[in-house]
Amino acid sequence: MKHGRLDIGAIQAKKQRGEKITMLTAYDFPTARLLDEAGIDSILVGDSAGNVVLGYRDTIPVTMDEMVLLTKAVTRAVKRAFVIGDMPFMSFNVSVEKAIENAGRFVKEGGAQAVKIEGGTHVEDTVRAIVRAGIPVVGHIGLTPQTAGMLGGYRVQGRTAAAARRIVNDAVLLEQAGAGMIVVECVPAELAGLLSSRVKVPVIGIGSGAQCDGQVLVVNDMLGIAGEIAPKFVKRYAELGAAIATASAEFRDEVSRGTFPGPEHAVKMEPSEYRKLVGRARARSKRR
Ligand code: KIV
């Protein structure tokens, strides 16, 4: 444990004990604090921030500076959870040196304990180098949104035996390169189960069925505050978007009608001070 937070060893131990691991994304201080207090094991500052909080069309435009800023807000709030910073598109693809430097920013500036990298065999050397630099790495295979264009769009991966074998191979190579945990997105449940049994490190699923060692969801999706329709695999645990819309409309109506703020929301002056204030103002206007 570092600063009282769970470390990668504590997360891995949960798999060894057969306990499920919980992970949610967060991008700001209040949400991270609530998730941490709820006992979520790991918080991912995902580059899904691009879609869900920064208003981009997808994750591609997200920059390192944006990710570091969001990670700082999250880590300021977190006391227990293991915090992972998600390396955005082109922050690890240009060179291994640049990847180490950017991974270091998540830890040094952002206060994260690990970084997540999308990709399989082609990021093996990068993963190895970052781990050698002392930073735990979380792999991300299956559907990798940063390269969705190369995968035929946002669709289930590994449906055929050949495609599934490639994903299993990715997981094994990532583990050999030192990845401490692997996120697997949008693969059939049987494949996710197979992956989990083939590697010792925890396999955290999103849209990949119940046989994984843990589950991750984008918090805005599960709370019903995503701008767009959430993917089919998301369970909505709350309808905060509807609650925010109702509350905002009520505020608009009450301010328009003059019923907010009421006397209970206002601060009053001492009557004697008010008389002095008004008296002086009146005297001044008479002099003019
Ligand atoms: O960016 C993100 O939120 C992610 C999760 C979908 C795993 O990568």
Side-chain angles (χ1 to χ4, degrees), residues 11 21-28 31-32 35 40-64 66-71 73-74 81-93 102-103 106 110 112 114-120 123 127 136-148 151 153-157 167 170-171 174 179-187 192 195-196 201-209 212-223 225-236:
I11 300 288
I21 297 157
T22 53
M23 185 189 290
L24 285 171
T25 67
Y27 321 96
D28 61 64
T31 308
L35 304 188
I40 298 300
D41 296 314
S42 180
I43 295 182
L44 170 67
V45 187
D47 68 347
S48 50
N51 315 57
V52 300
V53 298
L54 296 175
Y56 297 137
R57 199 169 31 87
D58 53 32
T59 59
I60 300 303
V62 178
T63 67
M64 269 304 299
E66 287 165 340
M67 289 305 298
V68 169
L69 183 79
L70 301 174
T71 306
V74 166
F82 180 65
V83 179
I84 305 162
D86 201 2
M87 296 195 65
F89 185 58
M90 284 298 145
S91 67
F92 59 91
N93 329 56
N102 283 328
F106 273 106
V115 294
K116 178 169 81 59
I117 293 188
E118 289 190 13
V123 295
V127 170
V137 174
V138 177
H140 182 158
I141 55 176
L143 172 60
T144 45
Q146 291 171 13
T147 46
L151 303 171
Y154 292 84
R155 57 179 57 187
V156 175
Q157 301 295 306
I167 293 174
D170 280 342
L174 285 175
M181 181 158 36
I182 298 172
V183 167
V184 61
E185 181 164 354
C186 281
V187 303
L195 282 178
S196 165
V201 298
V203 172
I204 310 296
I206 173 161
S208 300
C212 303
D213 305 308
Q215 297 292 327
V216 55
L217 283 178
V218 169
V219 75
N220 294 50
D221 288 342
M222 61 88 88
L223 295 179
I225 41 175
E228 306 152 14
I229 309 292
K232 185 170 153 254
F233 58 75
V234 172
K235 177 171 175 186
R236 284 174 63 150

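First listed ligand is number 1; within each ligand, the first listed atom is number 1.
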Legend entry - With sequence neighbours excluded, residues passing side chain to side chain contact (heavy atoms under 4.5 Å, CB included) with Ser196: Lys15, Val203, Asp213
Legend entry - Partner set under side chain to side chain contact (heavy atoms under 4.5 Å, CB included) for Thr22, not counting sequence neighbours: Ile40, Asp41
Inset, instruction - Would you check if the side chain of Asp170 reaches a backbone N or O of Ile167 as a donor-acceptor pair within less than 3.5 Å? - result: no
Legend entry - salt bridge (charged side-chain N to carboxylate O under 4.0 Å, His left out) involving Asp86 - partner list, sequence neighbours excluded: Lys116
Tabulating one pair per line, provide the atom names and distances (0.1 Å) for every N/O atom of ligand 1 that is less than 3.5 Å from a protein N/O atom.
residue  : atom  : partner : partner atom : Å
ligand 1 : 1 (O) : Asp47   : N            : 3.2
ligand 1 : 1 (O) : Asp47   : OD1          : 3.0
ligand 1 : 1 (O) : Ser48   : N            : 3.0
ligand 1 : 1 (O) : Ser48   : OG           : 3.3
ligand 1 : 1 (O) : Asp86   : OD2          : 3.1
ligand 1 : 3 (O) : Ser48   : OG           : 2.5
ligand 1 : 8 (O) : Lys116  : NZ           : 3.0

Inset, instruction - Decide side chain to side chain contact (heavy atoms under 4.5 Å, CB included) for Val156 and Leu143; before the verdict, give the C-alpha distance in whole Å, the side-chain angles of both, and the deciding distance to 0.1 Å. - result: CA-CA 7 Å; Val156 175; Leu143 172 60; over 6 Å; no
Legend entry - Residues Asn102, Met67; criterion side chain to side chain contact (heavy atoms under 4.5 Å, CB included); working and verdict: CA-CA 10 Å; Asn102 283 328; Met67 289 305 298; over 6 Å; no
